[in-house]
4 protein chains.
Amino acid sequence: MRVDARRNEQALLEAAAAVFVTSGVDAPVRAIAARAGVGMGTIYRHFPTRSELVVAVYRHQVEACADAGPRLLAESATPEAALRAWVALFVEFLVTKHGLAGALQGDSAGSDALHSYFVDRLVPVCGSLLHAALKSVDSAATVDAYNLLKGVGNLCIGAANDANYEADVLVQLLISGALAHEAG
Amino acid sequence: MRVDARRNEQALLEAAAAVFVTSGVDAPVRAIAARAGVGMGTIYRHFPTRSELVVAVYRHQVEACADAGPRLLAESATPEAALRAWVALFVEFLVTKHGLAGALQGDSAGSDALHSYFVDRLVPVCGSLLHAALKSVDSAATVDAYNLLKGVGNLCIGAANDANYEADVLVQLLISGALAHEAG
Amino acid sequence: MRVDARRNEQALLEAAAAVFVTSGVDAPVRAIAARAGVGMGTIYRHFPTRSELVVAVYRHQVEACADAGPRLLAESATPEAALRAWVALFVEFLVTKHGLAGALQGDSAGSDALHSYFVDRLVPVCGSLLHAALKSVDSAATVDAYNLLKGVGNLCIGAANDANYEADVLVQLLISGALAHEAG
Amino acid sequence: MRVDARRNEQALLEAAAAVFVTSGVDAPVRAIAARAGVGMGTIYRHFPTRSELVVAVYRHQVEACADAGPRLLAESATPEAALRAWVALFVEFLVTKHGLAGALQGDSAGSDALHSYFVDRLVPVCGSLLHAALKSVDSAATVDAYNLLKGVGNLCIGAANDANYEADVLVQLLISGALAHEAG
DNA sequence: TATGAATGAGGATTCATTCAT
DNA sequence: AATGAATGAATCCTCATTCAT
């Protein structure tokens, strides 16, 4: 890849991140291009679909989140604490990225890549933590990691727009519920 | 109101309900009018804003849901059972009305009336049930009824599109979590 | 004509006059009907075209204006004074009726009846005054009464919307010009 | 600017000029685009508001008119002749551009830029000529240049639609009136 | 005769996407 | 490889006019 192409790609990622914060992940292509100082065609060259752009923008943070899983499990006092810390991390990520939680739904055709990426990368991590936590409290699984992850994601939708809505509290309650059922 | 006007209004409500399921509550006015077999102007006559149409479409069911609260409290074996039955009812309502859960977010400008209506009508009902349940298990409140209701609503988003996602299970876990914290 | 029909027609004229002042002579039919407390169909029954309604609304005042011509000629010190007083009267009428001066242009199809009525009724009056004034100052005619009337009307367009525009002054200057050319 | 963009802009100006003559300056965007052979979006790219398009269409002629003022003052036998020649020029411009005179009214929201442009550009020119003419005939001013310019503009409204209406004659009478009042 | 519900043409505007330069 | 001009589908909303009741 030519040096200028790489520079453009970097500029686009930064611009998109900034615009996504302001206007959500459905912001007009033109706005992103303008902020990056490139033509719209350049966006399409680097990221043929919007979903690919969104994935690229958040890749670093998703990776960081994924990497945090094993580390937290090793460092935390208990597996439950590790799970709680990890979902708190995930919640913070989603809530600060305007519209991202909603985009995880995968409904609309274009967001499939985003949905897949999140699931592929984070469900295994979440699964490890959940499994360890369940074992440590001697509970049986009531939900799988996919459901838990998606539930957490859903609870974060719209959190940034509503000062009375406390997504983080609800998420911790959901964890409590998931770990609460005593093993028979 | 003239008989034909009433017939049109009814046709519009049914058409809108059907189109909302398919295309969400932001579906084009023209599509709703076409399905109802009326002109677009007729929609604007009966429901000057989109929000009023959405509220009208779901009013019956919201009222039924609100009415069910006190009844369940009286009929159920325990307050917790009443709360669980009621949220199950609410979940069933939201999940079968594709796109409704998402519309409950007050984000988009036009849906504010909808958001208000849901909150005004259901938060008090939810609050009664929650309060009774908390008291019966001798727990302190960790969330208010608004947060609980909105959390339940959020957990239902996209549930109809994903066979692997079990919103009802997650909602019951959330209730478990909300009732789990021992008092004092 | 039945008594109720006459009552409706009267109500419509008053309502239209009021609405025209507020919103101009192109105000929505519905607004006029609503203010009159009748259905829209009733407007169409009484006044099939908008032009006929406008004519009817202003008939009294146009007649009063026409009648004022001979009277002013008889009462004024000089024919020129009579002409000046009469155009001042006409100007006051036009300026206070929002949009009426513009509607006198026979451009748009619907306003033909209005245009015709004004011309038929007022050009002769204006002509008498102009002729007498020209004779009294021993000037030759440089414009006919039709041109003078229409010129005065045009000068009044938009006068109510622009505090810096003094239609009345300009009109008097136009009269001065029309009487200024010395007869050979 | 790319050659094709410049070609489109030129085509748009010509198309708009033609359509304005036929349908007035409020002609549908679609009609202008169709005549220019471009998409509607292209109009919005080049001229974000209707007012900007109107100004662009008439800029050349307004500038020519403005430039003619000082030249006429220098070349004419008397300042009055210069003023008369200049307003005749202005009248010819307005009358041949059907609908332009009407658009000079600042009424409709979108045409404000047009109104401003005309006033800013032509009132000073008109003022110089008027002042010189008044001085040369030893008359005191009875109107300012803004009123005179707007009056001339108003007299031209609808002139192209009415063969019996002689705007040019009326305008010269208005000038006569404006210069007639003897000083002292 | 009166009502006002219904129609639907008409016009503005936005933006994703393509492709000539 | 990059640009950004152009396209035009999609959608909203208003209101004159007709006509069933």
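No experiment lies behind these values; they were computed from the predicted model shown.
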Q | Smallest separation among heavy atoms of C:Ser51 and C:Asp112, with atom names | A | OG-N, 3.9 Å
(Q) The criterion is side-chain contact (heavy atoms from CB on, under 4.5 Å); which residues satisfy it with D:Glu14, sequence neighbours excluded? (A) D:Gln10
Q) Do you know the tightest heavy-atom contact between C:Gly102 and C:Ile157? A) N-CG1, 3.8 Å
Q: Quick one: closest heavy-atom pair of A:Ala36 and A:Leu12, and the distance?
A: CB-CD2, 3.8 Å
(Q) Is A:His46 close enough to F:dA1 that one of its side-chain N or O atoms is under 4.0 Å from OP1 or OP2 there? (A) no
Q) Residues from residues 9-19 of chain B sitting under 4.0 Å of DNA chain E, heavy atoms only? A) none
Q | Atom-to-atom span, CG of C:Asp26 to P of F:dT17 - whole angstrom | A | 11 Å
Q. So, the side chain of D:Thr42 versus the backbone of D:Val38: is there a donor-acceptor pair under 3.5 Å, distance only?
A. no
**Q.** Non-neighbouring partners of B:His46 that pass side-chain hydrogen bond (donor to acceptor under 3.5 Å, both in side chains), sequence neighbours left out
**A.** B:Glu9
(Q) List the residues meeting side-chain contact (heavy atoms from CB on, under 4.5 Å) with A:Ala17, not counting sequence neighbours, and say none if there are none. (A) A:Val57
(Q) If the condition is side-chain contact (heavy atoms from CB on, under 4.5 Å), which residues does B:Val119 pass it with, not counting sequence neighbours? (A) B:His115, B:Val123, B:Tyr146
Q) Does E:dA2 have OP1 or OP2 sitting under 4.0 Å from an N or O in the side chain of C:Thr42? A) no
Q: Would you mind telling me which residue lines up with the more 5' stretch of DNA chain F, D:Met40 or C:Tyr44, judged by nearest nucleotide?
A: D:Met40
(Q) Ignoring hydrogens, what is the shortest heavy-atom contact between C:Ala159 and C:Val95? Give both atom names and the distance. (A) CB-CG2, 3.9 Å
Q: Go through the structure and list residues passing ring-ring contact (aromatic ring centres under 6.0 Å, His included) with A:Tyr58, not counting sequence neighbours.
A: A:Phe93
Q. Based on Watson-Crick and G-U pairs with both distances under 3.5 Å, what dot-bracket line describes DNA chain F 5' to 3', crossing pairs as [ ] and inter-strand pairs as |?
A. .||||||||||||||||||||
All N/O pairs under 3.5 Å across the protein-nucleotides 19-21 of chain E interface:
none

Q. What pairs with C:Asp4 under side-chain hydrogen bond (donor to acceptor under 3.5 Å, both in side chains), at least two apart in sequence or on another chain?
A. C:Arg2
**Q.** OP1 or OP2 of F:dA1 under 4.0 Å from side-chain N/O of A:Asn8
**A.** no
Acceptor/donor pairs from residues 21-29 of chain A side chains to any protein atom, 3.5 angstrom cut, sequence neighbours excluded:
unit_1	atom_1	unit_2	atom_2	d
A:Thr22	OG1	A:Ala18	O	3.2

Q | side-chain contact (heavy atoms from CB on, under 4.5 Å) involving D:Glu63 - partner list, sequence neighbours excluded | A | D:Arg59, D:Tyr117, D:Arg121
Q.
Measure CD1/B:Ile43 against P/E:dA6 and give the value in whole Å, please.
A. 11 Å
Q) Could you give the CZ-to-P distance, from C:Arg45 to E:dG4, as a whole number of Å? A) 15 Å
(Q) Using a 4.0 Å cut-off on heavy atoms, which residues in residues 27-39 of chain A reach DNA chain E? List them by number, or say none. (A) A:Pro28, A:Val29, A:Arg30
(Q) Tell me the interatomic distance from A:Phe47, atom CZ, to F:dA2, atom P, rounded to whole angstroms. (A) 11 Å
